[in-house]
Amino acid sequence: MNLKEQASPEHNGVGEEWTSRVQRLLQSNQVVVGDQRYTRPAPSVYEHQWLWDSCFQAITYRWFDPEMAAAELLSLLHHQVQEGAEAGMIPHMAYWRGGGESLWRSSHRSIITQPPLVGIAARLVYETTGNRGLLEQVYGPLEEFHAWFERRRDPDGDHLVSIIHPWESGWDASPRWDAPLGLVSPSPEESRQARITLVETLFQHHCRVEALERAGSFSVEALDFNAVRAADLEALSFIAHETGRPAEALAWAEQARLVQQAVQQKLIGSQPTDLAGAEETPLRHESASHFVALFGGCASPEQAEALIARIEALAPAVKYLVPTTPPWDPAFAPQSYWRGNVWISVNWLIYKGLQRYGSCGLAKEVVARSLALVDEHGFWEYFDPLTGKGCGSGLHSWSGLVLDMLKTA
Ligand code: GLC
């Protein structure tokens, strides 16, 4: 049986086998602290909790452990900032057993965020499990989270929020961030050091976008981050509707539309880009982040056609889709962290985006190649798109997302 056939949900036998493989993976990564449970991204290297990882984990759990799917999302809200200028922020890392002190001056959490997928994940969990109570529990915290984005991260009021550290993008060492970090072809260590040093700058400027921009520090209106945010606002509108808040549902839908429009006009335009600093300097590095525009419903039909054509152009150039940096880019390094690898988390976003725009054949192709990759090489953190070699940590939880792809393709 070829993998395209396997990707169809009718093949229940195959689905069951994947379900038990993924179930074993996620169970082996579960962490219990008191009455809370979360799933670490991977053993040893990633023992703490990461924001977008837990959202992806919840989306995967919905197929075999509805309770854990909800618990995973609710545990994220535990460290949401409750007071002060950053009230509403959900941190990108929670240190349930402490350990954050040396980097973050707080033992339990970081001071930055990550792509907002909590609403998206809650909606998907609800749609599969019928857990309406979960929607009630996440609604208030999500309102606060999105209000925080507007209040703290969009000082120029253009409906695009800025990220202030590459870690917020989730794409830590991507060549996208070399220029805004002032780096030229950095070694992995130089790139890592720049990220660590930047934390000190964030403290100096109290994470204020305007102050960071004046200081020439990293501040980027990132295309994929804002597209994910648009999708999360749509999910929030759905949640408001389902929980009996029709006026709020309309207001969130309008916000989502404004973000989609801003991404479409300013970040996709005729050539996709991220925008750096108060001057909004285009960062025209070609990467798979552009395809995430589809996930957020941000592309016009013509823009979508062009983005889909770029994915099609990648298909014959690599064995496994979708490399984060294309192989024709001088910065392409297939086994170097975020510099050209395949990440199943990114593939999931692209796959859903292709489905959204009706490009179902290509969506299935992404699923088929993702399944083949994980089947042949295991649940690695990321992969070489040319050979499939697994890189980074093994037994990485978010590679279990292939199950969600299989179930929904
Ligand atoms: C790495 C990735 C980041 C992810 C984390 C845990 O730092 O760059 O996106 O959230 O690992 O998997």
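Order of appearance sets the numbers: ligands from 1, and atoms from 1 within every ligand.
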> Which bit of Trp171 is near ligand 1, meaning a heavy atom under 4.0 Å away: side chain, backbone, both or neither?
Replying inline: neither

>> I need the atoms of ligand 1 closer than 4.0 Å to a non-hydrogen atom of His396, numbered in the order shown.
In response: 12 (O)

>> Considering both backbone and side-chain atoms of Gln114, is one of its nitrogen or oxygen atoms within less than 3.5 Å of a nitrogen or oxygen in ligand 1?
In response: yes

> Polar-atom distance check: Trp343 versus ligand 1, any N or O pair below 3.5 Å?
Replying inline: no

> For atom CD of Glu67, is the number of surrounding heavy atoms from other residues, nucleotides or ligands below 6.0 Å larger than 12?
Replying inline: no

>> I want to confirm something. Looking only at heavy atoms, which of Ser393, Ser54, Gly170 is nearest to atom 3 (C) of ligand 1?
In response: Gly170

> Backbone, side chain, both or neither: what part of His92 comes under 4.0 angstrom of ligand 1, heavy atoms only?
Replying inline: neither

> Can an N or O of Trp398 be found at a distance shorter than 3.5 Å from an N or O of ligand 1?
Replying inline: no

> Do other residues, nucleotides or ligands put more than 12 heavy atoms under 6.0 Å from His241 NE2?
Replying inline: no

> How about Asp53 and Tyr46: do any of their side-chain heavy atoms sit closer than 4.5 Å?
Replying inline: no

> Just going by heavy-atom distances, which of Leu51, Asp172, Val45 is nearest to atom 7 (O) of ligand 1?
Replying inline: Asp172

> Which residue and non-hydrogen atom of the protein lie closest to atom 4 (C) of ligand 1, and at what distance in Å?
Replying inline: Asp53 OD1, 3.5 Å

> Which of the numbered atoms in ligand 1 are below 4.0 angstrom from a heavy atom of Trp52?
Replying inline: 3 (C), 4 (C), 9 (O), 10 (O)

> In Å and rounded to the nearest 0.5 Å, what is the CD to CZ distance from Glu168 to Phe225?
Replying inline: 6.0 Å

> Which ligand 1 atoms are under 4.0 Å away from a heavy-atom of Tyr337?
Replying inline: 1 (C), 2 (C), 7 (O), 8 (O)

> If you measure from CG on Leu258 to CG on Leu233, what distance do you get to the nearest 0.5 Å?
Replying inline: 9.5 Å

> Would you find more than 12 non-hydrogen atoms of other residues, nucleotides or ligands less than 6.0 Å from Glu83 atom CD?
Replying inline: no

> Salt bridge between Arg105 and Glu200, side-chain N to carboxylate O under 4.0 Å?
Replying inline: yes

>> Are any of the N/O atoms on Pro41, whether in the backbone or the side chain, positioned under 3.5 angstrom from an N/O atom of ligand 1?
In response: no

> Above 12 or not: heavy atoms from other molecules or residues under 6.0 Å from CD of Glu305?
Replying inline: no

>> I need the nearest protein heavy-atom contact for atom 11 (O) of ligand 1: residue, atom name and distance, please.
In response: Tyr46 CE2, 3.3 Å

> With a 4.0 Å heavy-atom cut-off (strictly under), which part of Trp167 contacts ligand 1: side chain, backbone, both or neither?
Replying inline: neither

> Going by atom types alone, do Trp177 and Ser169 pair a side-chain donor with an acceptor below 3.5 Å?
Replying inline: yes

